[in-house]
Protein chains: 4
Amino acid sequence: MENTDKRMAVIQAAMELIAENGFHGTPMSGIAKRAGVAAGTIYHYFESKDALIEATYALLEEQLLESIRQGYCEDSSVQERFLHIGRMLVSSFIVFPMKSRFIEQFHNSPYGVASRRERMLGKKNDLISSLFEEARQQGLIKDLPLPVIFALAFGPLLLICRDHIFGLITLDDLLIEKTVEACWNALKP
Amino acid sequence: MENTDKRMAVIQAAMELIAENGFHGTPMSGIAKRAGVAAGTIYHYFESKDALIEATYALLEEQLLESIRQGYCEDSSVQERFLHIGRMLVSSFIVFPMKSRFIEQFHNSPYGVASRRERMLGKKNDLISSLFEEARQQGLIKDLPLPVIFALAFGPLLLICRDHIFGLITLDDLLIEKTVEACWNALKP
Amino acid sequence: MENTDKRMAVIQAAMELIAENGFHGTPMSGIAKRAGVAAGTIYHYFESKDALIEATYALLEEQLLESIRQGYCEDSSVQERFLHIGRMLVSSFIVFPMKSRFIEQFHNSPYGVASRRERMLGKKNDLISSLFEEARQQGLIKDLPLPVIFALAFGPLLLICRDHIFGLITLDDLLIEKTVEACWNALKP
Amino acid sequence: MENTDKRMAVIQAAMELIAENGFHGTPMSGIAKRAGVAAGTIYHYFESKDALIEATYALLEEQLLESIRQGYCEDSSVQERFLHIGRMLVSSFIVFPMKSRFIEQFHNSPYGVASRRERMLGKKNDLISSLFEEARQQGLIKDLPLPVIFALAFGPLLLICRDHIFGLITLDDLLIEKTVEACWNALKP
DNA sequence: TATGAATGAGGTTTCATTCAT
DNA sequence: CATGAATGAAACCTCATTCAT
């Protein structure tokens, strides 16, 4: 349907341009041009530039979680499930560098603060939080606050993705596997 | 001398405002006002806004490294030296949240890319790179590319500092110690 | 019939919104929403925003004159007929403040100029002009140009209506009567 | 001094253009061009378009009151002082039609409401209010609320000025005198 | 007849930078 | 060295109007 097409074209254009040039370096007029719509059209779908950015982030986050859910096997061991999540996270990021760049910029901006706060304090009973909860109860990981667990688990992964995208290193499956395993070692009691 | 005073006032103002409002949300006029100088004066010390930002980052990085060098004992064990670096990094960041916010924003912006590239590929034979080099040669840490080592070592620390500053967790000495140790565990072969 | 219903809904919406927010502050989309029609629908009934405004004014003017004609008795004395007109004018305005606000805004805008010119220079042989003509011939009022007569007769009434609507005074029947009489005194030779 | 020159040029340009085209029909860019300054310059002197309009009105009002004070003789009779005010009001308006048009548009806009309310309810112990107070105490004019007195006194004068400016009538000294006297008659008990 | 998504010119405002003083 | 008024390009956003359905 036309409706969704234009909306998606705008989000796609916003993601690409912001990933490359930052929020500040990306005028609405540029987004419109890249999306192939008139400038005013964006404002039928999004109330403001901020709202567009917010919506773009929400979509990317959803896609990311979706790709993590793919192949996620509830019956596997806790460790195996963690390794799966780590692998998928990294591979998603490096397959679509744009998404990764956008998400990182979002998190380090006024926009991202509220989003992050909501998740961490939040009830958001999602896949990952549940896994860590289960792991902690079984004594498989350290007993530390959830944000610290998240930091140990994913902090390194975000950085290596960034370095890969910027050409500082070249990630392959083996290197990814080693790094994710190292993160698991950081979590172990 | 006057000269340096004004220059420092401008840098200080830039750091504070950008930490709070981002690059985009910080006009030169605002920096001038907070620094107590005229708008034009900034251009005597810095060629452009970009140059001011780079200079501000360079200063903060230097201060950060300086605080890490404080109490760094070449005679300690490799592990102990790493723990020192990690502790100092975290405490520096949470003592001056402004600095931390500025640095993070810098790294996640067009500005930061070149800087990071230079460091990683670079000849920059600094304290930290040397330590890791030594550790690897002694077989104390995994044999992985330097950027991956950096990521495992400091990625989690950056994230917990951010969470602390945003009030998602409250770091105390014990929690910092545990987290830094966990990072070391990630590095061990 | 549907036709007229929608048309009237649009005019009503336009009147209300413009009365409150002015011509400039009232987008067509807002009129459409308040009227419960689609934006494009307005253009089936009115060629443009200007045309809608003119039509709205024309309707209100007609309603105003109609309410003046109500109870107007050709057999009464000239003075009594003038008092009737004044009373009805004021009470119409304060009963429907929206109408009054719209009309005043119309008169003080590029739209209103042409309308007013037409009336004053015009042959418009209407009720009020006729009354003044008759009064002048009988020597009951000053021999002044018609616009001056209109100004003396109605200028004060417009202002007190505005003040009443804005809450600066509270008009009651007695006060209205006194004011209309005062206007008549201004007209007397 | 330059400062005041540019500021005044902007106000002058704003007044002329708004008088002709209305608030809505007068873009800031047009004001800048007419004033011979850059678009951004206006914002050094006025915080916004609204602030500029407000400042323009304030200046015109002050000029109007000043011209009324000219030749105002405290020792004259109450009636003579009223006639003076009326004459000066009309002649000021028709000498500078732009000012008159601006002021009228201002009064009939959201801007004007607050201004008018302040004056009427207000403590504003100005020349004119004082005169009416004195007149009432001496029993020279009707005992009516101040806004009604103002309406009777000046309502007709505003209208004849508008008609003159639009070419519906041609005011001369005699006609002005007669009209002002008629207003006085409206006020007499 | 009715819809409302789409258009794009044009509005207000911001801000990095310059330059006469 | 220092000032801050001035610049003007460019940003975000609005809205009267059109047109395919």
Side-chain angles (χ1 to χ4, degrees), chain A residues 1-7 10 23-33 35-52, chain B residues 1-3 6-7 23-33 36-52, chain C residues 1-3 6-7 23-33 36-52, chain D residues 1-7 10 23-33 35-52:
Chain A
M1 56 208 72
E2 246 302 300
N3 189 311
T4 299
D5 275 5
K6 286 238 161 76
R7 202 188 122 95
V10 169
F23 297 114
H24 163 208
T26 307
M28 293 295 264
S29 59
I31 295 172
K33 188 178 296 179
V37 303
T41 301
I42 299 180
Y43 291 87
H44 276 289
Y45 296 104
F46 308 97
E47 204 160 320
S48 64
K49 189 178 185 177
D50 281 12
L52 166 59
Chain B
M1 59 205 74
E2 248 302 300
N3 189 309
K6 286 232 163 86
R7 203 187 121 95
F23 297 114
H24 170 201
T26 305
M28 292 294 264
S29 59
I31 295 173
K33 187 182 292 180
V37 304
T41 302
I42 298 180
Y43 289 85
H44 281 290
Y45 296 105
F46 308 97
E47 199 159 330
S48 66
K49 190 177 186 179
D50 282 11
L52 166 60
Chain C
M1 59 206 73
E2 247 302 300
N3 188 309
K6 286 230 162 89
R7 201 187 123 96
F23 297 114
H24 172 46
T26 306
M28 292 294 265
S29 59
I31 294 172
K33 186 182 295 180
V37 303
T41 302
I42 298 180
Y43 289 84
H44 280 293
Y45 296 104
F46 308 97
E47 198 159 331
S48 65
K49 189 177 187 180
D50 282 11
L52 166 59
Chain D
M1 58 207 72
E2 249 301 301
N3 188 311
T4 300
D5 274 7
K6 285 238 162 75
R7 202 187 123 94
V10 169
F23 298 113
H24 164 207
T26 306
M28 292 295 265
S29 58
I31 295 173
K33 187 179 296 179
V37 303
T41 300
I42 298 180
Y43 290 86
H44 277 290
Y45 296 105
F46 309 97
E47 203 160 320
S48 64
K49 189 176 187 181
D50 282 10
L52 166 59

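Just so it is clear: chains get the letters A, B, ... in the order the sequence lines come, proteins before strands, and each one is counted from 1.
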Would you mind reading off the distance between [X] atom [atom1] and [N] atom [atom2], rounded to a whole angstrom?
X	N	atom1	atom2	answer
L52(A)	dA11(F)	CG	P	16 Å
M28(A)	dA9(F)	CE	C1'	19 Å
I31(A)	dA11(F)	CD1	C1'	12 Å
E47(A)	dC12(F)	CD	P	16 Å
K33(C)	dT3(E)	NZ	C1'	15 Å
F46(A)	dT14(F)	CZ	P	15 Å

When rounded to the nearest 0.5 angstrom, what distance separates OG1 in T41(B) from CE in M28(B)?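 Going from the OG1 atom of T41(B) to the CE atom of M28(B) covers 11.0 Å.
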
State the CD1-NZ distance between I42(A) and K6(A), to the nearest 0.5 angstrom. 12.0 Å

If pairing requires Watson-Crick or G-U wobble contacts with both distances under 3.5 Å, which nucleotide is the partner of dC13(F)?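 WC or wobble partner is dG10(E).
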
Complement of dA6(F), any strand, by Watson-Crick or G-U distances under 3.5 angstrom: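 Pairing partner: dT17(E).
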
For [N], take OP1 and OP2 only and decide whether either is under 4.0 Å from a side-chain N or O of [X].
X	N	result
T41(D)	dA5(F)	no
K49(D)	dT13(E)	no
K6(C)	dT1(E)	no
Y45(C)	dA2(E)	yes

Go nucleotide by nucleotide along DNA chain F from the 5' end; which of V37(B) and T26(A) gets its closest nucleotide reached first?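 Nearer the 5' end of the strand: V37(B).
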
Kindly point out which of dT17(F), dA16(E), dT7(E) is positioned nearest to the side chain of S48(C)? dT17(F)

From dA11(F), dG8(E), dA5(F), pick the nucleotide closest to the side chain of A38(A)?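 Within the option list, the nearest is dG8(E).
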
Establish whether the base of dA5(E) is bridged to the side chain of H44(A) by a donor-acceptor pair shorter than 3.5 Å.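 For H44(A), whose side chain was compared with the base of dA5(E), there is no donor-acceptor pair (under 3.5 Å).
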
On DNA chain E, compare the nucleotides closest to F23(B) and H24(D); which residue's is nearer the 5' end?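 Closest to the 5' end, via its nearest nucleotide, is H24(D).
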
When you match Y43(D) and I42(A) each to their closest nucleotide on DNA chain E, which lands nearer the 5' end? I42(A)

Can you see which heavy atom on A32(D) is nearest to which on A39(D), and at what distance? CB-CA, 3.7 Å

Under a 4.5 Å cut-off applied to non-hydrogen side-chain atoms, are H24(B) and F23(A) in contact? no

